Amino acid sequence: MTTRITIRKPDDWHLHVRDDEMLRAVLPYTAKNFGRAILMPNLIPPVRTTADCIAYRQRVMAAIPPGSKFKPLMTCYLTDDTDPDDVERGFRDSVFTGVKLYPANATTNSAAGVTDYKKVMRVLERMEKIDMPFLMHGEVTDPDVDVFDREKVFIDRYLSQWIKQFPKLRFILEHLSSKDGVEFVKSAAPQVGGTITPYHMVQTRNDTLGHGLNPYMYVMPVIKTAKDRAALRKAATSGEACYFLGTDSAPHPYARKVAVHGVPGMFNAPVAIETYAKVFEEEGALDKLEAFASLNGPKHYRMPPNEETITLEKSPWTAPKEVKVAGPDERAIVYRGGQTIEWKVVG
Ligand code: DOR
Ligand code: ZN
């Protein structure tokens, strides 16, 4: 039985670190184990322009613990009014790594997202021309579509058309949550890649709804069935280049998670790589962890993999229940907090 594994340092291709006090509280967890992370732009107000992004990147850099070589990769929040010239400037100046689509009102802080795809076609054309990746929250918000079908309907209505319309544009369907999503990505690879969170591979909707309402488990896209979970686990552990690590670690103040109108998002950075290791071990695929965590993402984003390594050991520890955030009674609840975590990063 493998009890120790060394892999190239992973990257997180989908991460929320927020801003200000929350940023300072949560970023060190990612900076410790990951070489790079794609930072989501859904702040209030969002990171919409190159100028916004330069300012946000400075705040992020200031929150990186001293001595860490962690590198933040920044994204542009797509709106109906995004200027293709600004996007191109930001990309050429290495400010933006990609553009992120939030369909308006699909999830947390997405009110400024896209309301009409016709309005952003010029941006997509420009991105295709300059070979800039397009990251998507791939769900429809049509009130007639069941919340469990939002990903599939987004693919059927939009993404399956866009890949033909923009044959050279590189897409990332983020936080894959369904068997349909997994199958679509494989069918459209290498043009389309997909990230997979730890929690979509561990939980099912029973954990959210089946034993009393558990608002901590509320995320977008919602956690689905055991069949979907099985497909996600198989995909991630297959080693196929189109699937890669993206935690979607998304901290929220405790009060907002448990509010009657609770917000979607789960803060998993303190246990992220450890939870992926658990899943890969359970699937008998620890030998594929490095491809998923450290090689496939850089390949899709056309970057070199990290040179450093991390070592994980089978050595149980208890995850913290919450992380304190400076400010009056502020804290973020940790995914798997208080539970025994099987794997530990030891070097
Ligand atoms: O659950 C989610 N939380 N899904 C998202 O797409 C956004 C995220 C957040 O920002 O909290
Ligand atoms: Zn996200």
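Remember, predicted model here, so these are calculated numbers, not experimental data. Read the numbers this way: they start at 1 and go in the same order the structure lists the ligands and their atoms.
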Chemist: Can you name the residues that form a side chain to side chain donor-acceptor pair (under 3.5 Å) with Thr6, not counting sequence neighbours?
Modeler: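 For Thr6 the side chain to side chain donor-acceptor pair (under 3.5 Å) partners, ignoring immediate neighbours, are Thr311.
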Chemist: Would you call Glu174 and Lys100 a salt bridge, using N to O less than 4.0 angstrom?
Modeler: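 Yes.
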Chemist: Kindly confirm or rule out a cation-pi arrangement of Arg126 over Phe91, judged by NZ or CZ under 6.0 Å from the six-membered ring centre and within 45° of its axis?
Modeler: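 No; the conditions do not both hold, so Arg126 does not lie above the ring face of Phe91.
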Chemist: Measure up the Tyr216 and Tyr254 rings against each other and bin them: parallel (under 30°), tilted (30 to 60°), perpendicular (over 60°).
Modeler: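 Because their plane-to-plane angle lies in the 30° to 60° range, the rings of Tyr216 and Tyr254 count as tilted.
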Chemist: Measure across Thr247 and Tyr199 and return the closest heavy-atom pair with its distance rounded to 0.1 Å.
Modeler: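 Nearest pair, atom of Thr247 first, then Tyr199: O-CE2, 3.8 Å.
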Chemist: Applying a heavy-atom distance cut-off of 4.0 Å, which protein residues contact ligand 1?
Modeler: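 The answer is His16, Arg18, Asn42, Thr107, Thr108, His137, His175, Val219, Met220, Asp248, Ala250, His252, Pro264, Gly265, counting any residue whose heavy atom sits under 4.0 Å from ligand 1.
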Chemist: What residues form a ring pair (Phe, Tyr, Trp, His ring centres under 6.0 Å) with Tyr77, not counting sequence neighbours?
Modeler: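 Partners of Tyr77 by the ring pair (Phe, Tyr, Trp, His ring centres under 6.0 Å) criterion, ordered by chain and then number, come out as Tyr102.
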Chemist: Distance below 2.8 Å from the Zn ion (ligand 2): how many protein N/O/S atoms qualify?
Modeler: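 That number is 3, waters not included.
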Chemist: For the hydrophobic clusters of this structure (ILVMFWY residues joined by side-chain heavy atoms under 4.5 Å, transitively), does one cluster hold both Val87 and Tyr117?
Modeler: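 Hydrophobic grouping puts Val87 with Tyr117.
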Chemist: Are side-chain N/O atoms of Lys224 and Ser177 paired as donor and acceptor at under 3.5 Å?
Modeler: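 Looking only at side-chain atoms, Ser177 and Lys224 do form a donor-acceptor pair, the distance falling under 3.5 Å.
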Chemist: Measuring centre to centre across the rings, with the benzene-like ring taken for any Trp, is Phe154 within less than 6.0 Å of Trp162?
Modeler: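 Yes, close enough.
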